[in-house]
Trainee: 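Attaching a single structure in structure tokens format; questions to follow.
Source: prediction; values computed, not measured.
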Amino acid sequence: MPALLPPPRTGAAPLLDPEHLTRMEDGERLHALLWRPGPGWRMVSSAVLGGGIGERAWVLNAQVAHGYRRTDPARHLAGLARAAGARGPGVGLMTAADVSTRGRARDGGAEAVATAGVSVRGWAAAPQECATGAAPQECATGAAPPECTTGAVPPGTVNIVVALPVALSDAALVNAVMTATEAKVQALLDAGLDCSGTPTDAVCVAARTPRDGADVHAFAGPRSEWGARLARAVHRAVRAALPAVAHP
């Protein structure tokens with residue numbers, strides 16, 4: 001028997017409403033977004049800090065300086081979160097993009113916040129040469145030159161954070177990551193960008209911790225009830241976050 005779905009959230013306060021933080025680091029004024037929903041949340045993430053599946057109490061999306069050279073990003077993110085007052089286990093993402101220009105969207109209870117830098121973009125199944133530092137547009141077209149060498153490249157990361165007010169099974173959490181990624185690619189293509197993303201994109205999907213007697217949703221694909229809502233929210237959030245030059 002299908003699970004009963006709560007009515008769409010309309011006038012309710014935002015579920016995903018991150019704080020905007022600023023700091024001085026490496027001679028630059030940098031921004032960060034910190035969401036502290038507290039206990040009662042399970043998250044799945046590809047983030048360098050707090051990745052995988054587990055109970056998480058906060059999500060930090062931190063901007064770092066261009067040419068970031070630290071080799072301990074998880075420790076760096078954990079320190080930034082502690083300094084901002086976050087406690088308990090959490091998820092930490094980073095990007096050189098300006099996270100203050102985030103995109104937000106809601107759809108029937110699903111909420112998404114995205115930040116986007118697309119200077120280094122291309123296709124996931126790129127030529128071998130692209131892994132060695134080819135120019136982004138050459139990699140995107142499959143025309144990477146043989147003289148590609150490793151080295152610093154311009155910043156480019158699409159970070160996506162999603163919150164759902166329902167509980168998901170482990171499999172559905174993984175399915176939700178797939179759906180969010182598909183929606184991101186759709187948004188990039190709709191914006192006229194010939195790419196599937198950047199090499200450093202990350203995603204975090206948060207769902208409620210299952211409670212005794214409560215429904216746990218087993219599906220989050222794009223044609224499931226909550227997966228469809230998630231996809232539409234992510235699509236709009238990514239489109240809103242993309243730099244103005246990316247819009248046709």
Trainee: I'd like to know if the side chain of Thr179 and the backbone of Ala220 have a donor-acceptor N/O pair within less than 3.5 Å.
Mentor: yes
Trainee: Mind checking whether Asp98 and Gln63 have side chains closer than 4.5 Å, heavy atoms only?
Mentor: yes
Trainee: Rounded to the nearest 0.5 Å, what separates atom CZ in Arg104 from atom CZ in Arg236?
Mentor: 13.0 Å
Trainee: Do you know which two heavy atoms are closest between Met43 and Cys204, and how far apart they sit?
Mentor: SD-SG, 3.9 Å
Trainee: Ignoring hydrogens, what is the shortest heavy-atom contact between Pro37 and Ala57? Give both atom names and the distance.
Mentor: CD-O, 3.2 Å
Trainee: Return yes when atom CZ of Arg23 has more than 12 non-hydrogen atoms of other residues, nucleotides or ligands closer than 6.0 Å, and no otherwise.
Mentor: yes
Trainee: So do the side chains of Asp194 and Leu188 get within less than 4.5 Å of each other, counting heavy atoms only?
Mentor: no
Trainee: Sub-3.5 Å donor-acceptor pair from the side chain of Arg42 to the main-chain atoms of Leu168, do we have one?
Mentor: yes
Trainee: Verify, without hydrogens or angle tests, whether Thr209 (side chain) and Gly40 (backbone) share a donor-acceptor contact under 3.5 angstrom.
Mentor: yes
Trainee: With side chain to side chain contact (heavy atoms under 4.5 Å, CB included) as the test, pick out the partner of Leu164 among Leu15, Leu230, Leu16, Leu173.
Mentor: Leu230
Trainee: Do Tyr68 and Val120 sit in one hydrophobic cluster, given that two such residues count as connected whenever their side-chain heavy atoms are within less than 4.5 Å of each other, even indirectly?
Mentor: no
Trainee: Would you say Phe219 has more than 12 foreign heavy atoms packed within less than 6.0 Å of its CZ?
Mentor: no
Trainee: Could you tell me whether the side chain of Val59 reaches within less than 4.5 Å of the side chain of Leu34, counting heavy atoms only?
Mentor: no
Trainee: If only side-chain N and O atoms count, and only distance matters, is there a donor-acceptor pair under 3.5 Å linking Asn61 with Thr95?
Mentor: no
Trainee: Enter the distance from Trp58:CH2 to Arg36:CZ here, rounded to the nearest 0.5 Å.
Mentor: 10.5 Å
Trainee: Tell me whether Leu77 is reachable from Val158 by hopping between hydrophobic residues (I, L, V, M, F, W, Y) whose side-chain heavy atoms are closer than 4.5 Å.
Mentor: no
Trainee: Under 3.5 Å, side chain of Ser46 to main-chain N/O of Ala202, donor-acceptor pair present?
Mentor: no
Trainee: Kindly give the heavy-atom pair with the smallest separation between Ser45 and Gly50, and that separation in Å.
Mentor: CB-O, 4.4 Å
Trainee: What's the separation between atom OG1 in Thr115 and atom CE in Met94, rounded to the nearest 0.5 Å?
Mentor: 12.0 Å
Trainee: Taking all non-hydrogen atoms of both residues into account, name the closest pair between Ala124 and Ser196 and its distance.
Mentor: N-OG, 2.8 Å
Trainee: Identify whether Val162 and Val177 are in the same connected component of the hydrophobic contact network (ILVMFWY, side-chain heavy atoms under 4.5 Å).
Mentor: yes
Trainee: Checking side-chain contact (heavy atoms from CB on, under 4.5 Å) for the pair Leu21/His31: CA distance, chi angles, key distance, verdict?
Mentor: CA-CA 6 Å; Leu21 310 174; His31 303 271; over 6 Å; no
Trainee: Taking the ring centre of each residue, are Trp41 and Trp35 less than 6.0 Å apart?
Mentor: yes
Trainee: Going from CZ on Arg70 to NE2 on His76, what distance comes out if it is rounded to the nearest 0.5 angstrom?
Mentor: 4.5 Å
Trainee: Is there a side-chain contact between Pro18 and Val113 in this structure, where contact means two heavy atoms from C-beta onward sitting under 4.5 Å apart?
Mentor: yes
Trainee: Are Ile160 and Leu242 connected in the hydrophobic side-chain network, where two residues link if heavy atoms are under 4.5 Å apart?
Mentor: yes
Trainee: For the NE2 atom of His217 and the OG atom of Ser224, what is their distance to the nearest 0.5 Å?
Mentor: 9.5 Å
Trainee: For the atom pair CG (Leu30) and OG (Ser100), what is the distance rounded to the nearest 0.5 Å?
Mentor: 10.5 Å
Trainee: Can you confirm whether the side chains of Asn159 and Thr157 place a donor and an acceptor under 3.5 Å from each other?
Mentor: no
Trainee: Using side-chain heavy atoms (C-beta onward) and a distance below 4.5 Å, is Val48 in contact with Leu93?
Mentor: no
Trainee: Is a donor on one side and an acceptor on the other found under 3.5 Å between the side chain of Arg121 and the backbone of Val118?
Mentor: yes
Trainee: So do the side chains of Val161 and Val91 get within less than 4.5 Å of each other, counting heavy atoms only?
Mentor: no
Trainee: Is the shortest side-chain N to carboxylate O distance from Arg106 to Glu111 below 4.0 Å?
Mentor: yes
Trainee: Are Arg229 and Glu225 close enough that some pair of their side-chain heavy atoms sits under 4.5 Å apart?
Mentor: yes
Trainee: Check the pair Met178, Asn175 against side-chain contact (heavy atoms from CB on, under 4.5 Å), reporting the backbone distance first and the verdict last.
Mentor: CA-CA 5 Å; Met178 294 173 61; Asn175 204 178; 4.3 Å; yes
Trainee: Looking only at side-chain N and O atoms, does Asp201 offer a donor or acceptor that is under 3.5 Å from a partner on Thr198?
Mentor: yes
Trainee: Can you tell me if Glu182 and His235 form a side-chain donor-acceptor pair at under 3.5 Å?
Mentor: no
Trainee: Identify the two heavy atoms, one from Gly103 and one from Ala240, that lie closest to each other, and give their separation to 0.1 Å.
Mentor: CA-CB, 3.8 Å
Trainee: I need the minimum non-hydrogen distance between Ser169 and Ala218, along with the two atoms involved.
Mentor: OG-CA, 3.7 Å
Trainee: Taking the side chain as everything from C-beta on, heavy atoms only, tell me whether Pro73 gets closer than 4.5 Å to Leu49.
Mentor: no
